[in-house]
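Written out below as structure tokens is the structure these notes cover.
On a predicted model such as this, the values are computed, not experimentally measured, just so you know.
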Amino acid sequence: MIKVGIIGSTGYAGGELVRILTGHKDAEIVWYGSRSYIDQKYADVYRNMFQIVDAACMDDNMEALAAQADVIFTATPQGLCASLVNENILSQVKIIDLSADFRIKDVKTYEKWYGIEHKSPEFISEAVYGLCEINRNDVKKARLIANPGCYTTCSILTAYPLAKEGLIDMDTLIIDAKSGTSGAGRGAKLPNLFCEVNENIKAYGVATHRHTPEIEEQLGYASGREVVLNFTPHLVPMNRGILATEYAKLTKDVTYEEVKAVYDKYYKDAKFIRVLDKGVFPETKWVEGSNYTDINFQIDPRTGRIIMMGAIDNLVKGAAGQAVQNMNLAFGLPEDEGLNLVPMFP
Ligand SMILES: NC(=O)C1=CN([C@@H]2O[C@H](COP(=O)(O)OP(=O)(O)OC[C@H]3O[C@@H](n4cnc5c(N)ncnc54)[C@H](OP(=O)(O)O)[C@@H]3O)[C@@H](O)[C@H]2O)C=CC1
Ligand SMILES: CC(=O)N[C@@H](CCC(=O)OP(=O)(O)O)C(=O)O
């Protein structure tokens with residue numbers, strides 16, 4: 001049994017980790033970390049866990065937790081994991097960080113976009129970017145895994161095969177993405193109040209969103225060149241889900257079948273990626289509650305552009321599901337253990 005500690009178990013991403021790991025046959029949660037609910041029953045924080053989780057919440061003492069666990073998930077605000085991790089901890093336990101602390105390889109870029117000082121830059125280079133479908137082999141050997149962001153997971157997976165094969169002109173790539181409000185976490189924030197979000201759609205972080213450099217960096221590795229792109233996120237009145245619509249000029253004349261073959265080349269064995277049938281486009285409802293990424297595309301011969309679309313559940317493939325997928329890989333388990341979550345509808 002893998003002993004799991006979760007720092008930040010009382011947030012939305014942490015709560016989803018608890019939900020998924022409760023059904024994982026090879027994992028046992030030994031630490032329900034919290035800042036605000038220490039010593040209170042976890043099931044009082046999330047009543048869906050009544051009679052399922054009996055434990056009380058604990059603090060964020062990573063040193064103490066490292067002595068008890070095989071893996072620690074940090075589902076905490078930006079900067080916290082970097083401030084807690086050290087060599088002694090990493091020599092005892094694997095860490096899967098759901099925040100952005102170890103995602104971006106250039107510390108100055110991280111500090112610029114996040115506006116905070118990085119407290120343990122010495123571990124950035126060894127951290128593996130945990131986008132399982134792309135970095136599967138490195139994840140298996142990693143002791144520190146940087147779980148990708150929700151917008152980034154969806155945006156990168158949607159464009160990755162075409163970027164890798166040089167089929168799209170990276171200078172023309174534009175990503176328009178929409179997210180449900182759980183993406184902003186459980187903490188009370190004025191822009192996320194019911195009256196601000198309900199019956200409303202709004203762009204935010206325009207030209208400044210912190211996922212921009214993460215997407216640029218990863219698609220840069222894929223395409224073998226520097227990528228600078230426009231990424232515009234929107235908040236939509238739903239609980240979960242991300243839909244990314246991406247536009248780029250094609251570098252050559254290609255048919256539907258040729259592009260489909262490129263997606264199949266990269267994803268045909270990827271359990272959690274579903275390239276949809278011709279003319280069927282991703283919808284957030286069809287992936288909700290699951291670890292799937294649904295993808296499809298449409299060539300527009302009139303403009304010479306391709307329109308690519310991807311949908312995920314931000315809390316599952318965009319956070320906790322992907323984190324568990326990373327854990328499975330890192331511990332030599334089947335990649336889908338505990339993750340056979342059938343999408344729910346309606
Ligand atoms: N929501 C999403 O869709 C996604 C989130 N993420 C990332 O996951 C992380 C968590 O996000 P999310 O769950 O949405 O956020 P929430 O605001 O819902 O939860 C934050 C969690 O962190 C804990 N926490 C806050 N401050 C501290 C602290 N100083 N010390 C210890 N624990 C602390 C909170 O504890 P308590 O409640 O007990 O005070 C809570 O458990 C973030 O880095 C986020 O960027 C990544 C992908 C998707
Ligand atoms: C709707 C909403 O507010 N979403 C969050 C992204 C959540 C996420 O995945 O981002 P990280 O893992 O990088 O924190 C945002 O825009 O900041």
Salt bridge (Lys or Arg N to Asp or Glu O under 4.0 Å) with Arg103: which residues, sequence neighbours excluded?
Glu214
Give the ring-plane orientation class for Tyr151 versus His209, where under 30° counts as parallel, over 60° as perpendicular and anything between as tilted.
perpendicular
Angle class for the Phe345/Trp286 ring planes (parallel below 30°, perpendicular above 60°, tilted otherwise)?
parallel
Is the distance from the ring center of His118 to that of Phe123 below 6.0 Å?
no
For Tyr292, is the NZ or CZ atom of Arg274 found under 6.0 angstrom from the centre of its six-membered ring and inside 45 degrees of the ring axis?
yes
Cation-aromatic face contact Lys278/Tyr256, 6.0 Å, 45 degrees:
yes
Name every donor-acceptor pair, under 3.5 Å, that has one atom in a side chain of residues 135-143 and the other anywhere in the protein, sequence neighbours excluded.
residue: Asn135; atom: ND2; partner: Tyr129; partner atom: O; Å: 2.7
residue: Arg136; atom: NE; partner: Glu335; partner atom: OE1; Å: 2.7
residue: Arg136; atom: NH2; partner: Glu335; partner atom: OE1; Å: 3.4
residue: Arg136; atom: NH2; partner: Glu335; partner atom: OE2; Å: 3.1
residue: Arg143; atom: NE; partner: Glu126; partner atom: OE1; Å: 2.9
residue: Arg143; atom: NE; partner: Glu126; partner atom: OE2; Å: 3.4
residue: Arg143; atom: NH1; partner: Glu87; partner atom: OE2; Å: 3.1
residue: Arg143; atom: NH2; partner: Glu87; partner atom: OE1; Å: 2.9
residue: Arg143; atom: NH2; partner: Glu87; partner atom: OE2; Å: 3.4
residue: Arg143; atom: NH2; partner: Glu126; partner atom: OE2; Å: 2.9

Between Glu133 and Lys317 (salt bridge meaning N to carboxylate O under 4.0 Å), is one present in this structure?
yes
Does Lys260 pair with Glu257 as a salt bridge, N-O distance under 4.0 Å?
no
[Y] versus [X], side-chain donor and acceptor atoms under 3.5 Å:
X	Y	result
Tyr114	Arg210	yes
Gln322	Thr153	yes
Thr172	Asp169	no

I would like to know whether Glu165 and Tyr266 meet side-chain hydrogen bond (donor to acceptor under 3.5 Å, both in side chains); could you show each step before the answer?
CA-CA 10 Å; Glu165 295 289 317; Tyr266 288 89; 2.4 Å; yes
May I ask you to decide if [Y]'s main-chain N or O and [X]'s side chain share a donor-acceptor pair within less than 3.5 Å?
X	Y	value
Ser179	Leu235	no
His234	Lys202	no
Ser83	Lys119	no

Among Val85, Thr74, Asp101, Asp60, which residue satisfies the side chain to side chain contact (heavy atoms under 4.5 Å, CB included) criterion with Leu80?
Asp60
For Ile38, the other hydrophobic cluster members (4.5 Å side-chain criterion, sorted by chain and number) are none
Review item, side-chain donor-acceptor pairs of residues 238-245, under 3.5 Å, at least two apart:
residue: Arg240; atom: NH1; partner: Glu16; partner atom: OE2; Å: 2.9
residue: Arg240; atom: NH1; partner: Asp313; partner atom: OD1; Å: 3.4
residue: Arg240; atom: NH1; partner: Asp313; partner atom: OD2; Å: 2.9
residue: Arg240; atom: NH2; partner: Glu16; partner atom: OE1; Å: 3.0
residue: Arg240; atom: NH2; partner: Glu16; partner atom: OE2; Å: 3.3

By side chain to side chain contact (heavy atoms under 4.5 Å, CB included), Ala323 pairs with (sequence neighbours left out) Leu17, Phe73, Ile96, Leu98, Asn147
Which heavy atom in Ile307 sits nearest to a heavy atom in Tyr247, and how many Å separate them?
CG1-CD2, 3.8 Å
Listing, residues 224-232 side-chain donor-acceptor contacts under 3.5 Å, not counting sequence neighbours, or none:
residue: Arg225; atom: NH2; partner: Asp171; partner atom: OD1; Å: 2.6

